[in-house]
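Bear in mind that the values here come from a model prediction, so they are computed numbers and not experimental data. The chain is numbered in sequence order, starting from 1.
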Amino acid sequence: MAVDVSQFVVKTISLLSLEREAEIEETKSLQENVSPKELQRRGVCLLKLRIRSRRTGLYGRLLLTFEINKPGSDGKLPTHSLTPGDIVGLSWLNSNQAASDIASGIVSRVSQTVVTVAFDETADNLSFDDDGPFKLIKLANDVTHKRIKSALDTLTKYREGPAAHLIDVLFGNVPPGPPLQIRPFTEGGETPCIFFNQSLDDSQRQAVRFALCQREVAIVHGPPGTGKTTTVVEIITQAVKNLNMKVLACAPSNVAVDNMVEKLIKGKVKVVRIGHPARLLSVVQDHSLDALLSTSEGTAIVRDVRKDIDDTLSKVRKSRSQSEKKHLKQEIKSLRGELKQREDKAVTEILTSADVVLATNTSASSDGPLKLVKQDHFDLVVIDEAAQSLEAGCWIPLLRASRCVLAGDHLQLPPTILSKKAAKQGLDVTLMERLIKMLGDGAVRMLTTQYRMNEAIMKWSSEKLYDGRLNADSSVNSHLLKDLPGVQETDETSIPLLLIDTAGCDVREKEVEDEVSKGNEGEADIVAAHVMALMTAGLQPNDIAVIAPYNLQVELLRLRLSSKYPALEIKSVDGFQGREKEAVVISLVRSNKKGEVGFLAERRRINVAITRARRHLAVVADSETVNHDNFLKSLMEYMSSEGEVRSAHEYLQDSLPTSVNCYTYEQDEVSMSEMTGNEWKKKGTGETRPDSEERDVKGEKNLKSKDNSESGEGTRKLEFSGAEEKKDVSSVVSDKASNLTEENNEQISGKNVKKMKQEKSKNISNAVTDYSRENVEKEIVAFTQDATKKELIFPKSLSSQQRFDVHSIAEKLSLCHESHGEGKERYIVVRKVISASKDDEDDSDLLSTCSFCKKRVPACNLQLHSLRCDQMQRSKLAETNRAERNQEMSAPPSAKPQKTKLKTKSLSALQPEEDFDKLLASFTKLDTQCGFDGCKKSIRTLGQLCKCCDGTFCLSHHIPEVHGCGEAAKLRARQQASKPKAGKPKALDVTRKAQLQRKLDKRLDDMSEQRKSKRKGKDNK
């Protein structure tokens, strides 16, 4: 369908205005409505900086290195999002200047302690006599908007030029012409096809032939891992060496451009990279325009001019006269003009002599270095990652040639657009996507062999988005983490797919006020645990990526992992597009009762997240929530059938009472014999969970659910009264317990669903085909009514949830229930209790008396029942002690000794006699829990020691004012403030240190010469 150019331009400019307004509004809102401290917390600002060093580098630009100006600190900068290439504003910390008066620069280098910024002549307008304090803030860039708008204006007026016919074809006014007859790439031609890269597969070779034979436009569709950039580089190399073309190669991002430069250098193609040196990778610095200028003819003169600029800048800093400073700055301006005039001539020579000029789309504009090159200089324009660039941005380089090649994947994320209104009206539709719909498959060649992912990781994406056309190369088809050198073979390193399901664990998402982003504390804990398991197996941090769709979740993950593993990459899905890692852990975050998935419903975002992994992909998600979206549901089903599924309980054992359910019950309701002993065994080990870690339960009037997801425990407590003892426990469990499916639960124990469904138990009596809770209850009730049957055996194929249902129903009906066997051989036997009147001899074997509550219970259940009663008494004792402590704090001093005696008496009366091992276990458990009353959080991984009371607390209670040491903390702070500060000697500047070293060396040489002269005088005598 043809598109009118004028209408397209008018509409696009209006949409770009909406986008620009949204960008300005966001930046303005942040700077005006958010305090500098909050901006620093969000990572877009750095405060209290001082200048560490000043030098001229990066081809004539002023480099200022900033460090934190905070005495007594460790020198590390606060967590921030500044990266090389970002535009930042520099100003005094307490300045009230307008934004236009702030000197702007580009971040050149970032480390944990310093950030280096490259400035042009704008920095000369500020005085740097003092070292600070300064602040740096990330700024919005309007250069891109101006350049795109200028290109669109040119497009409207374009009548004659190399791109006139190309414009008609791309807007559908003229059909594409027939393919060109290029001999080396014509099927059946006399000359055989010669490829510079002999490792190309068939689909890549076909794409190269197709691109070079197309008369106007060719599209290379490259799904993840298919070697799209490698194919593009081969196209460029063939165009240069076999067809003698001049090529302009572009991409929307600097990283994508640098990747092309790096590969073209290996092919010995003469390239020039346009762009600010601070934005370029170090491996391509030598091929940048600035670097080539510094080594061109007339370098000596240019070097002298730069030296004069440095000397003049030094005089400006030393001068105390304002008039002299003004004169010197005018001289610097004159010198820069002379430098620019000499460099313009050299730029023209360098660009015209290059085979390939590479730049970002916006850097190829007419107000940049390419203004010095003729309009018809280039024969071919190649745009990599075209599906991630605005169509308006693509028109900047497209106006410079008559042919073009677009490469990318329109099934991955489109360009980021802030204005939802502009995106909805079509701004997010890229040129590549529009051309595929308009021209059809005749203009497209798809790459079908991928070299990144294990086949299991690739298959779902291939089937859902690429019509099943992708094939995994034999080199990556079955590779796993355990195949890497130094990596041990464990449960985690031996599988390509892992789904950690949080359904039923109350690992709920949280939403912060005034922010649209979302986070999930429980999922962050699970991700941290899995990452640590991978590293324990020998995987290096730089081989792992942690991805989340929400920035708030990224922040939560960084708080847990970044300080301990600086090399570990933790980014949003959008920020990790185009990257890959050996192992990728994804947190989908969303977990709510409404089943809302937000922008997770965007297929392209999920496609990007899933296809970043090479050997191992782990997804942490709430299947109950994400299954509300059909696309995500298909992902859950695929990972359940092709990978391993684990419950989140396995990763949250410190805060959960059972390995399957997050709930506890009163002693008269449910006995959890299945949840003690062997059921607690951790996967792959013989370690058993201590029974003392059972949850405290309080008797309240009504059944309540307490959601502790905000505190990161990911647990829920159910409380009910004795009045409801006869309430149907099955309804409670079915409503509140984990909603894990049968397949998921079978895979929790390390089983493949397909294999598990094929297993058939030999020890089944009166088995039913559907072991839902309702059917299980019917079968057990029927068993109790059948006088001829003494026991009922359930099969080995039951899942953890189904076994729990059997135990809870049997306990409710006062039946004996025992678990036999280990692992996959485990099965349950339910027996009837024989009364004493019927069989006195068997009574001692089948019924026993609980030493705590004096009730008669089945002997096989006595151990758990006694432990439960013991736990309930401890819970009541703890409540009594807390109440007494609170009363003691409010009572007068004279009353305290009496209360203490009563407390001691109560303790001796209520606490049963314990053996030493159990007592030691209880104290050991206390050492692993937060010291705050009532808090059950584990402090094994993250805990803060209070210097006032020597107690260890979790991150929610470590502040002294929270756990009761507020006054002691204030007193300690006043004592420290009153002490004389020793103060560290100020670190010497690098330049000053070098000067002192030279003086010392000279002094030592002089003293040595004096000794030699005295010695010679004595020898002459």
Hey, what do you get for [atom1] ([X]) to [atom2] ([Y]), rounding to the nearest 0.5 Å?
| X | Y | atom1 | atom2 | result |
| --- | --- | --- | --- | --- |
| Glu644 | Ile495 | CD | CD1 | 4.0 Å |
| Thr625 | Lys594 | OG1 | NZ | 12.5 Å |
| Lys581 | Leu617 | NZ | CG | 15.5 Å |
| Leu561 | Ile570 | CG | CD1 | 4.5 Å |
| Arg612 | Met453 | CZ | CE | 7.5 Å |
| Arg646 | Asp491 | CZ | CG | 5.5 Å |

Counting C-beta onward and ignoring hydrogens, is there a side-chain heavy-atom pair between [X] and [Y] closer than 4.5 Å?
| X | Y | result |
| --- | --- | --- |
| His616 | Leu534 | yes |
| Leu556 | Lys510 | yes |
| Asn627 | Met636 | yes |
| Phe794 | Glu779 | yes |
| Gln944 | Phe953 | no |
| Val597 | Leu632 | yes |
| Met639 | Leu635 | yes |
| His530 | Leu498 | yes |

Can you tell me if [X] uses its side chain to pair, donor with acceptor, with the backbone of [Y] under 3.5 Å?
| X | Y | result |
| --- | --- | --- |
| Asp483 | Leu480 | yes |
| Ser562 | Leu559 | no |
| Thr493 | Gln488 | yes |
| Arg605 | Ala601 | no |
| Thr502 | Cys505 | no |

Partner set under salt bridge (charged side-chain N to carboxylate O under 4.0 Å, His left out) for [X], not counting sequence neighbours:
| X | result |
| --- | --- |
| Lys482 | Glu489 |
| Arg614 | Glu580, Glu582 |
| Lys459 | none |

Check the pair Ile780, His817 against side chain to side chain contact (heavy atoms under 4.5 Å, CB included), reporting the backbone distance first and the verdict last. CA-CA 11 Å; Ile780 295 177; His817 48 96; over 6 Å; no
Go through the steps to decide whether Thr611 and Ile457 satisfy the test side chain to side chain contact (heavy atoms under 4.5 Å, CB included), and finish with yes or no. CA-CA 7 Å; Thr611 56; Ile457 301 175; over 6 Å; no
Tell me if the NZ atom of Lys571 is crowded by more than 12 foreign heavy atoms within 6.0 Å.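 Yes - once you tally the heavy atoms of other residues, nucleotides and ligands closer than 6.0 Å, there are more than 12.
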Identify the two heavy atoms, one from Tyr827 and one from Ile793, that lie closest to each other, and give their separation to 0.1 Å.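 Residues Tyr827 and Ile793, closest heavy atoms: CD1-CG2, 3.8 Å.
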Non-hydrogen atoms of Thr490 and Ser494 that approach each other most closely: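 Answer, listing the atom of Thr490 first, then Ser494: O-OG, 2.7 Å.
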Could you go through the side chain to side chain contact (heavy atoms under 4.5 Å, CB included) check for Arg615 and Leu484 one step at a time? CA-CA 10 Å; Arg615 301 169 186 262; Leu484 292 172; 3.5 Å; yes
Out of the candidates Asn520, Asp506, Asp622, only one should pair with Ser591 under the side chain to side chain donor-acceptor pair (under 3.5 Å) rule; please name it.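 Among the candidates, only Asp622 passes.
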Among Glu509, Glu523, His628, which one satisfies side chain to side chain donor-acceptor pair (under 3.5 Å) with Arg590?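 Checked Glu509, Glu523, His628 against Arg590; only one passes side chain to side chain donor-acceptor pair (under 3.5 Å): Glu509.
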Measure the acute angle between the ring planes of Trp460 and Phe631, then classify it against the limits of 30° and 60° as parallel, tilted or perpendicular.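 The rings of Trp460 and Phe631 sit tilted, inter-plane angle from 30° to 60°.
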Ser461 and Asn607: side chain donor to acceptor below 3.5 Å: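 Yes - a donor-acceptor pair under 3.5 Å links their side chains.
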